[in-house]
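Below you'll find the structure, written out as structure tokens, and then a few comments.
Position 1 is the first residue of the sequence; numbering continues from there.
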Amino acid sequence: MLRKFTRILGSSIAVAALTVSLNVAQALEGETAPDLDKPVAKVGSSVITEADLAYAAQDYAQQLQRVPPTEWRKVLTDVLVEMNLLAEAGAEKNLAETDDFKRLMAFERTRALRNAYFQKYIQSAITEDEVKAAYEAEYANYQGAPEIKAAHILVEKEDEARDIIKQLEDGADFAELAKEKSTGPSGPNGGDLGFFGKGQMVPEFEIAAFALKPGEFTKEPVHTQFGYHVILNKEARTQSAPTFEAAEGQIRQKLVFAKFREVLDELKARNTVEILAADADAKAEESK
């Protein structure tokens, strides 16, 4: 079980979670970093500082995502006040002198050092220029999926649809007919559905729409669960590449993960790693 958990920690999900937690802490600080030793609150003999808020932001990153950023400081301050009240009570009971507590502190030190190293030598090592270069390389020859801009006239009966097709063949204006006859919600807008790609419409509608050339309309009514459609292909295009701003976060995360794997490989090459409990874990798994 422990080995499985270790593999999970090495995944991109773990990197993303750690990145989010560090980003939340940075967002809490705002554009101008505060004085980290500045007192925020006092609980008995303990002082809660700006640094404590930043550390708590990392631990409670996921919970903070459900809270408006304007409330983060209040929520974290309340959490830290309660934490310090219980911590002082624990100190009075000499819990800090127990073996369990000392083992926990050793683990917390390891985790804190891991986080600090990750932020300074992995996350912060990815520069803006590297992200831009990766974006340009990924989308240099980008070929987006096909999209069409279509309009339709929806009616209840097949005869009505055939009559509309005849009127269009005689030169009637599609948009005006849609406003007059379509029962669909797009009717008042001339039947315009905007751009859409494959997989966004019901199959019968999609097949008929994508079979048309720009400017063409269906010569036969298209039957779907909604009724009978007359479809016009107004324009065709391919999806454009996402803007740098839209793709930046995902690209940066990819680079952080790649850096994370690179650093781990280097560290593993320089250090001896021996899984002492491997046999015990294997036997435990077999006995289940």
Side-chain angles (χ1 to χ4, degrees), residues 12-13 16 19-20 23-24 27 62 64-71 131-132 134-254:
S12 59
I13 296 175
T19 302
V20 167
N23 286 342
V24 168
Q62 289 187 335
L64 286 176
Q65 297 305 303
R66 300 191 292 269
V67 178
T70 54
E71 297 181 24
V131 178
K132 288 180 179 177
Y135 168 80
E136 291 171 0
E138 183 166 342
Y139 294 104
N141 299 309
Y142 181 78
Q143 293 183 343
E147 291 183 322
I148 61 171
K149 184 177 184 182
H152 77 139
I153 301 172
L154 175 63
V155 292
E156 294 181 2
K157 299 179 179 179
E158 183 177 358
D159 288 346
E160 294 178 272
R162 290 190 180 280
D163 181 63
I164 289 169
I165 292 171
K166 185 177 185 308
Q167 291 184 58
L168 290 171
E169 290 175 336
D170 290 340
D173 183 77
F174 193 98
E176 292 303 318
L177 280 178
K179 292 176 184 178
E180 178 185 347
K181 298 181 179 294
S182 183
T183 61
S186 65
N189 194 34
D192 195 340
L193 297 171
F195 280 99
F196 58 87
K198 292 185 176 180
Q200 294 181 256
M201 299 293 182
V202 293
E204 302 92 338
F205 189 100
E206 175 187 301
I207 292 170
F210 275 89
L212 298 169
K213 295 179 181 178
E216 289 183 345
F217 57 85
T218 50
K219 304 301 182 181
E220 290 290 329
V222 178
H223 186 221
T224 72
Q225 65 200 72
F226 304 106
Y228 291 88
H229 307 258
V230 180
I231 306 169
L232 169 66
N233 182 339
K234 301 177 71 175
E235 183 182 344
R237 71 179 186 186
T238 56
Q239 290 179 346
S240 58
T243 64
F244 174 74
E245 290 72 22
E248 180 180 7
Q250 183 179 16
I251 290 176
R252 185 179 294 277
Q253 185 170 312
K254 287 181 181 178

Item to check | Partner residues of D163 under the side-chain hydrogen bond (donor to acceptor under 3.5 Å, both in side chains) criterion, sequence neighbours left out | outcome: Q167
Item to check | Summary of ring-ring contact (aromatic ring centres under 6.0 Å, His included) pairs that have at least one residue in residues 165-191, sequence neighbours excluded | outcome: none
Checklist entry - Using a distance-only test with no angle check, is there a side-chain donor-acceptor pair under 3.5 angstrom linking T218 and H229? => result no
Next on the checklist: Using 0.5 Å steps for rounding, measure from the CD1 atom of I153 to the CD1 atom of I164.
Outcome noted: 5.0 Å
Review item, side-chain donor-acceptor pairs of residues 203-217, under 3.5 Å, at least two apart:
unit_1	atom_1	unit_2	atom_2	d
E206	OE1	G199	N	2.5
E216	OE1	K213	N	2.9

Next on the checklist: Is any side-chain heavy atom of F196 closer than 4.5 Å to one of I148?
Outcome noted: yes
Item to check | CA sep, side-chain torsions, deciding dist, call: M201, T224, side chain to side chain contact (heavy atoms under 4.5 Å, CB included) | outcome: CA-CA 10 Å; M201 299 293 182; T224 72; over 6 Å; no
Checklist entry - What are the two closest non-hydrogen atoms of A150 and I231, and how far apart are they? => result CB-CG2, 4.4 Å
Checklist entry - Tell me, which pairs form a side chain to side chain donor-acceptor pair (under 3.5 Å) where one or both residues lie in residues 183-199, sequence neighbours left out? => result H152-S186, D192-K234
Checklist outcome for this item: Smallest heavy-atom separation, A161 atom then V230 atom, equals O-CG2, 3.7 Å
Checklist entry - With sequence neighbours excluded, what pairs up with E220 under the side chain to side chain contact (heavy atoms under 4.5 Å, CB included) test? => result R162
Next on the checklist: Could you work out, with ring pair (Phe, Tyr, Trp, His ring centres under 6.0 Å) as the rule, every residue matching F195, not counting sequence neighbours?
Outcome noted: none
Next on the checklist: Restricting to side chain to side chain contact (heavy atoms under 4.5 Å, CB included), what partner residues turn up for K254, sequence neighbours left out?
Outcome noted: E138, Q250
Item to check | Side chains of Q143 and T238 in contact at under 4.5 Å (non-hydrogen atoms) | outcome: no
Next on the checklist: For residues 170-189, which residue pairs pass the salt bridge (charged side-chain N to carboxylate O under 4.0 Å, His left out) check, not counting sequence neighbours?
Outcome noted: K166-D170, E176-K179
For residues 239-248, run the donor-acceptor check on the side chains, cut-off 3.5 Å, and write out each pair with its distance to 0.1 Å, sequence neighbours left out.
unit_1	atom_1	unit_2	atom_2	d
Q239	NE2	E147	OE2	3.3
T243	OG1	A246	N	3.1
E248	OE2	R252	NH2	3.4

Item to check | Listed partners of P185 passing side chain to side chain contact (heavy atoms under 4.5 Å, CB included), at least two apart | outcome: none
Checklist entry - Can you tell me if E160 uses its side chain to pair, donor with acceptor, with the backbone of K157 under 3.5 Å? => result yes
Checklist entry - Is the number of heavy atoms from other residues, nucleotides or ligands under 6.0 Å of E156 CD greater than 12? => result no
